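Accompanying notes for the structure given below.
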Amino acid sequence: MGQPPSNRQIAALLRRIGNILDILGENRFKVMAYRRAADNIESLPQDLADYWREGRLREVPGIGEALAGKLDELLRTGRMSYLERLEQQVPSGVVEMLEIPEVGPRTARLVWEKLGITSIQELETAAKAGRLRQLPGMGAKTEARILAGIQALARRSHRTPIGEARPVAMALLAGLQEAIPALERAMVAGSLRRWKETIGDIDLLVAARDSEPVMEAFVHLPDVAEVLLRGDTKTSIRTRDGLQVDLRVVPPERWGTALQYFTGSQAHNIALRERALKLGFSLSEYALKREDGQELLCAAEEEVYEALGLPWIPPELREDRGEIEAAAEGRLPRLIETADLQGELHAHSTWSDGTASIEEMAEAARARGYRYLVITDHSQSLGVTGGLSVDQLREQRAEIERLNRRWTDFRLLQGAEVEILADGALDYPDEVLAELDCVVASIHSGLRQNREQITARALAAIRNPHVDILGHPSGRLLGHREASDIDLEAVLQAAAEAGTALEVNAHPARLDLDDVHVRRAMELGVPIAINCDAHSPGDFDLIVYGVATARRGWATPDRVLNALSLDQLERWLHTHGKGG
DNA sequence: GCCGTTTTCGGCCCGACTGTTTTCAGTCG
């Protein structure tokens, strides 16, 4: 039997069931149940197949008796007969239509039944020929919206990495503030405020008495390519590079409820509203409403949570992954903050593929208030990066020692980003690694090896007593390269045993470990290092992305290596993995 | 479909915007 399906594949199957049921007009709560289960499975840190093997499927939120039975069949046989039956009832092209913005289950079913349309291609042809407007409840405008939706889908079907979306959002906010200097408050909300690794669309929130001038200024910002909809409280535009941006304007006295609502996530909000109902409130973006209709306004977000008997919950945690329960029980973690960080453990210089000298990198780190910086240039086998030979490594040591005489409040350490070779050996011999202060071991080649091979490489590195940190463990590049097939659960278990740290690479194209595996690292007691993998002084600014990812994984400062003081760090580097 | 500090049955978040509507359906978040 082949490999069990991944969580993502299973989630996709359940979403497919949900979509087909939706088109067939099934009970919407049943549809939602499939989608909710899919979301929950996708955010599990371990393979669902592991839960299944241990008979713990029902422990996953959203999996009840019926779904457990279907998943059991899938994991036993590789098939799900229920889905196969459903697929015979609706052509796959009709299901695909749900991907089109503006097209939902009703529309998909309508064009299928009335016009016999069974693909996005046919839908486009029919729309262009003006045949959709003949359908009941449809007109020329709807037809045009659908056509625009099909084109938008072709232009941008994927989510945008946060590193691309965030600067766009900041520029739009700055543009608004410039156009309306008297703007009371303006903030990013939505998945961007939660620091999700990819962003579907950008949500902006503004407090103002009069929304009209704000909306007017917004649609005339230079980056706006198209106005999708325009109302009193909500306006949506598409930017020139295809990002959708929603702007909402609320009166200042309702800022708290509005910010809470527009920050999401949807799952968090639903859970919060259910809690509100139990307490006799109805919660919306405008107010908490009592059963007698009386409104309780919240100008600050804290007031919303307080009214529901909860402490304020950091946006990074708002995914309905247990944060509401933890808040209710006073168990919210004290999350790591950028200000906790004392140094950087992964930085390159001109000795390999960095753009700045060791001295420039050190001064930049020191200027940020860091107390230490580990220089980790590439090892010899990575030719394209100018990896260092053993001799060069020793020359570099002299340079670092010379520079260190300069400061009393700051220290350079010598490390290396040593390549984990295709056969699992490290790119420097042990006696060379032993001379280094801090060793980051990473995989840059052979990323397409099968699961056993690539996992074995990582495990060998983790168990080498000279290796302190496993760099960017999954090897993914958001939007460019999928994660390798590495078994991260095995990696985390081995790291817990060996006392080796795992990196949370802060580069917004990596964010690797990701949030759910950081969470698992916290459960297992695995230390993490939040690293910029800096190749220039400017890269130190990327730390915010890494800290946010760690926070999304419930990371606390006591588990973060570079939150240690220099003394503590040196002690840790000296003793870990050596039985000390 | 799931789920339970009232419920193993009867609930299941709440509202904006648009278009084609004489009062609402569909989509979205």
Side-chain angles (χ1 to χ4, degrees), chain A residues 14-15 17-18 20-23 25-40 57-58 60-71 82 86 97-111 132-146 148-149 189-191 194 199-203 205 211 215 227-236 244-250 254 257-258 260-289 308-309 320 325 328-329:
Chain A
L14 296 185
R15 286 204 186 93
I17 292 176
I20 296 175
L21 293 175
D22 211 355
I23 291 168
E26 251 292 2
N27 178 306
R28 66 198 172 95
F29 297 109
K30 186 167 166 179
V31 173
M32 202 165 74
Y34 277 96
R35 292 181 180 153
R36 185 180 293 201
D39 288 345
N40 288 338
L57 277 182
R58 296 284 301 269
V60 178
I63 297 183
E65 193 182 339
L67 266 168
K70 293 180 171 80
L71 291 168
Y82 180 60
L86 285 176
M97 286 180 207
L98 298 191
E99 302 301 317
I100 305 169
E102 313 294 340
V103 175
R106 303 264 82 83
T107 305
R109 182 172 184 176
L110 185 69
V111 299
L132 299 187
R133 69 185 70 176
Q134 297 154 7
L135 293 169
M138 283 216 184
K141 285 191 172 177
T142 304
E143 194 175 66
R145 285 171 78 93
I146 290 174
S191 51
R194 302 198 313 277
I199 305 299
D201 53 32
I202 294 172
D203 289 297
L205 184 64
S211 76
M215 297 305 190
V227 179
L228 301 172
L229 56 88
R230 168 93 187 253
D232 287 340
T233 66
K234 174 178 173 179
T235 291
S236 294
Q244 184 175 326
V245 186
D246 297 342
L247 170 69
R248 336 260 179 156
V249 179
V250 298
R254 297 180 193 267
T257 37
Q260 194 291 313
Y261 173 64
F262 293 127
T263 297
S265 66
Q266 194 173 21
H268 175 87
N269 285 355
I270 289 173
L272 213 58
R273 287 172 177 206
E274 283 168 355
R275 182 178 175 91
L277 282 176
K278 284 184 188 141
L279 296 172
F281 291 108
S282 164
L283 172 60
S284 77
E285 56 264 55
Y286 296 106
L288 279 155
K289 212 187 291 180
L308 301 176
D320 193 24
E325 295 80 353
E329 294 163 16

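All figures in this text were calculated on a predicted structure; none of them were measured in a lab. Below, read A as the first sequence line, B as the second, and so on, with proteins coming before strands; counting in each chain starts at 1.
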Between [X] (side chain only) and [Y] (backbone N and O only), is there a donor and an acceptor less than 3.5 Å apart?
| X | Y | value |
| --- | --- | --- |
| A:D201 | A:V245 | no |
| A:E102 | A:I146 | no |
| A:S265 | A:H268 | yes |
| A:D203 | A:A189 | no |

Side chains of [X] and [Y]: closer than 4.5 Å at any heavy-atom pair?
| X | Y | answer |
| --- | --- | --- |
| A:T142 | A:L132 | no |
| A:T233 | A:V250 | no |
| A:N269 | A:D320 | no |

How would you label the contact of [X] with the nucleic acid (heavy atoms, under 4.0 Å): base, sugar-phosphate, or nothing?
| X | value |
| --- | --- |
| A:E65 | sugar-phosphate |
| A:S282 | sugar-phosphate |
| A:L21 | nothing |
| A:R28 | nothing |
| A:F281 | nothing |
| A:A140 | sugar-phosphate |
| A:L283 | sugar-phosphate |
| A:Y34 | sugar-phosphate |

Which whole-number value in Å describes the distance from [X] [atom1] to [N] [atom2]?
| X | N | atom1 | atom2 | answer |
| --- | --- | --- | --- | --- |
| A:I146 | B:dT20 | CD1 | P | 10 Å |
| A:D232 | B:dC17 | CG | P | 6 Å |
| A:L277 | B:dT5 | CG | C1' | 16 Å |
| A:R36 | B:dG11 | CZ | C1' | 12 Å |
| A:E274 | B:dC2 | CD | P | 15 Å |
| A:R275 | B:dC12 | CZ | P | 18 Å |
| A:L14 | B:dC2 | CG | P | 11 Å |
| A:E325 | B:dG4 | CD | C1' | 14 Å |

In whole Å, measure the gap between the [atom1] atoms of [N] and [M] for me.
| N | M | atom1 | value |
| --- | --- | --- | --- |
| B:dT27 | B:dT21 | P | 16 Å |
| B:dC2 | B:dT6 | P | 24 Å |
| B:dT23 | B:dT18 | C1' | 15 Å |
| B:dG1 | B:dT5 | C1' | 24 Å |
| B:dT8 | B:dC14 | P | 23 Å |
| B:dC13 | B:dG29 | C1' | 12 Å |
| B:dC28 | B:dT22 | P | 23 Å |
| B:dA25 | B:dT20 | C1' | 10 Å |

On DNA chain B, nearest-nucleotide positions of A:E143 versus A:L67: which is more 5'? A:L67
The Watson-Crick or G-U wobble partner of B:dT8, with both key distances under 3.5 Å, is none
For A:E65, does the CD atom sit with more than 12 other heavy atoms under 6.0 Å from it, leaving out its own atoms? no
Given B:dT18, B:dG1, B:dT20, identify the nucleotide with an atom nearest to the side chain of A:L229. B:dT18
From the candidates B:dT20, B:dG1, B:dT18, the one with an atom nearest any side-chain atom of A:R145 is B:dT18
Counting just side-chain N and O atoms, does [X] come under 4.0 Å of either OP1 or OP2 of [N]?
| X | N | value |
| --- | --- | --- |
| A:T233 | B:dG15 | no |
| A:K278 | B:dG4 | no |
| A:S284 | B:dC13 | no |

I need the single residue from A:R106, A:R35, A:R28 that forms a salt bridge (charged side-chain N to carboxylate O under 4.0 Å, His left out) with A:D22. Which is it? A:R35
Examine the side chains of A:D232 and A:S211 and answer whether a donor and an acceptor come within less than 3.5 Å of each other. no
Protein proximity profile, nucleotides 21-29 of chain B - base contact B, sugar-phosphate-only contact S, no contact -, cut-off 4.0 Å on heavy atoms: -----SSSB
